[in-house]
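The sequence lines fix the lettering, A, B, ..., with proteins before strands; numbering per chain opens at 1.
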Protein chains: 2
Amino acid sequence: MIEAGLKPSVTRKSGVALWRQIADQMRQAIGSGALGADGRLPPEFTLSQRFGVNRHTLRSAIAALVQEGVLRAEQGRGTFVESRKRLSYPISARTRFSTGLRDQTRDRRSVLLADAVEPAGERVAEALGLAAGSNVIRLETLSEADGRPVSRATSWFDAKRFAGFARHYAKTGSITASFQKFGIDDYFRHSTLVSARHADAADLTDLKLSPGAIVLVAIAVNVDPKGKPIQFAETRFAADRVELTVSTEA
Amino acid sequence: MIEAGLKPSVTRKSGVALWRQIADQMRQAIGSGALGADGRLPPEFTLSQRFGVNRHTLRSAIAALVQEGVLRAEQGRGTFVESRKRLSYPISARTRFSTGLRDQTRDRRSVLLADAVEPAGERVAEALGLAAGSNVIRLETLSEADGRPVSRATSWFDAKRFAGFARHYAKTGSITASFQKFGIDDYFRHSTLVSARHADAADLTDLKLSPGAIVLVAIAVNVDPKGKPIQFAETRFAADRVELTVSTEA
DNA sequence: TATATTTGTCTATTGTTCTATACAACTAAA
DNA sequence: TTTAGTTGTATAGAACAATAGACAAATATA
């Protein structure tokens, strides 16, 4: 919410533990400044009464947020806000990872986790405009900003046209730079499908998230200046660290 | 995932009950056609092994989805898919609620839950280009498709320019139609900020979600043909029923 | 230094979730 | 009619979540 002042409420017997519901609400309230605006949280007992639960239950919620790096607890002093601001990731015709975040972070880095050549699945083949079963290159990559994982992507490329793409990417850590090796000086974001879901086990480890965390999923097609698809990608963003900006200027 | 023939994975000790995690994943998989594409689910025992849990745990997940109306179980026969579709909500310069979903649903409806005139908060004032503290109209609306809640929006309008907007909206259930009453025959989506979070208590009830559910949050500014902001809105979409499509054609 | 405030740890009890096993009830097909 | 396959029900124990009360340890302040 925008105006939101903390309106704490939890649901019992819902399949979601109270401490997790509370942790989720607190993370949100902290992000919007409704809680701990002065950098310090109210005492545990006060908060536990506000949420209508036992102090221990509230402590579990705090423990989870400490684990995430959102809070820091100091015995005898209190509990303090550690959190950092959410990054804003722009989606437009000229979407690129590094340039979009240029003004928001000091240090950006992309790492190649794995790569493979494999026959294209139905959906990949269709998106890239290839015959079903054609060979494609699959890249598993992780992007970090200021030392924190931001996104985890799986990309596919035509194996014939872009043979050796993984090698270039491993060296440069940049999709844009790798495309240039193949004579593509410019490319465009054709379409993006945005959804959200709970992070799966693999994303939890790669993005260093805690269970129950949310990922924003962007499924995108990039095309060369002639309009031919050159990259199909599914990117998972840690929803508590990133938001997507869509500019639709005419 | 994309190729996904369902990559089931559950996290233990996460504060989210296994049956709820499984229900969430199954709802998603059903929506994307990765599960029950033929209208029928694999037997409970098979599914329970796929998720690595006891059959009873899986049955709890199915029970939740039956309760939601996603599945229907028949003793001796099997479990069947009742409603499959996930709506795709387009975001572009000409984003409108009803037209975007025209081909995907039979029945669309928007309801005015509440309205008020109030001084603009900092963020609202800035977005609408008004002086801080100017009066604005706030609309709380709920949109449904085929009888199921799809999105829950909070919108703000300049109270001076759009006096009586709520009355028009209550009658027509359409933002577009209401704008026409004020001589605005066309308008454009200027920018959209997309994020995701756990649904808060209010959204849970309005969108009929279960605790721990995810909402896609779109914060948008609409402008008139002259480029002047006329509407600032925060819309929460049920992430298991909706995905957003961003087309960025040049 | 004393006192109040705050976070950290411990033990115990109760309710919910998950597992395990067995069997009943219903359906479809041999 | 028999058999195999499926969903539905029952019971019991193990693991986890939540409550409760008491006290220790650290910090800030009078």
What's the closest nucleotide to the side chain of [X] if the choices are [options]?
X: A:Arg77; options: C:dT17, D:dA17, D:dT27; value: D:dT27
X: B:Leu18; options: C:dT27, D:dT6, C:dT19; value: C:dT19
X: B:Ala17; options: D:dG8, C:dG8, C:dC18; value: C:dC18
X: B:Gln75; options: C:dA28, C:dA20, C:dC26; value: C:dC26
X: A:Asn54; options: C:dT19, D:dA20, D:dT7; value: D:dA20
X: B:Arg59; options: C:dT17, D:dT19, D:dG8; value: D:dG8

Do [X] and [Y] have side-chain atoms, one donor and one acceptor, less than 3.5 Å apart?
X: A:Arg236; Y: A:Thr154; answer: yes
X: A:Thr141; Y: A:Ser110; answer: no
X: A:Thr235; Y: A:Ser151; answer: no

Value in whole Å for how far the [atom2] atom of [N] lies from [atom1] of [X]:
X: A:Leu41; N: C:dT5; atom1: CG; atom2: P; result: 19 Å
X: A:Phe45; N: D:dA20; atom1: CZ; atom2: C1'; result: 12 Å
X: B:Arg72; N: C:dT27; atom1: CZ; atom2: P; result: 13 Å
X: B:Gln49; N: D:dG5; atom1: CD; atom2: C1'; result: 15 Å
X: B:Ile22; N: C:dT17; atom1: CD1; atom2: C1'; result: 12 Å
X: A:Arg40; N: C:dT6; atom1: CZ; atom2: C1'; result: 8 Å
X: A:Trp19; N: D:dC16; atom1: CH2; atom2: C1'; result: 11 Å
X: B:Glu44; N: D:dG8; atom1: CD; atom2: P; result: 6 Å

Quiz item: Taking side chain as C-beta onward, heavy atoms only, is A:Leu207 less than 4.5 Å from A:Val215?
Solution: yes

Quiz prompt | Pairing of B:Lys208 and B:Asp203 as salt bridge, 4.0 angstrom limit | solution = no

Practice problem: Verify the contact: side-chain N or O of B:Thr57 to OP1 or OP2 of C:dT17, cut-off strictly under 4.0 Å; return yes or no. | Solution: no

Quiz item: Is any side-chain N or O of A:Ser60 closer than 4.0 Å to OP1 or OP2 of D:dA17?
Solution: no

Quiz item: Is a donor-acceptor pair below 3.5 Å formed from side chain A:Arg55 to base D:dG21, judging by atom type as modelled?
Solution: no

Practice problem: Spell out yes or no: do the side chain of B:His56 and the base of C:dT21 have one donor N/O and one acceptor N/O closer than 3.5 Å? | Solution: yes

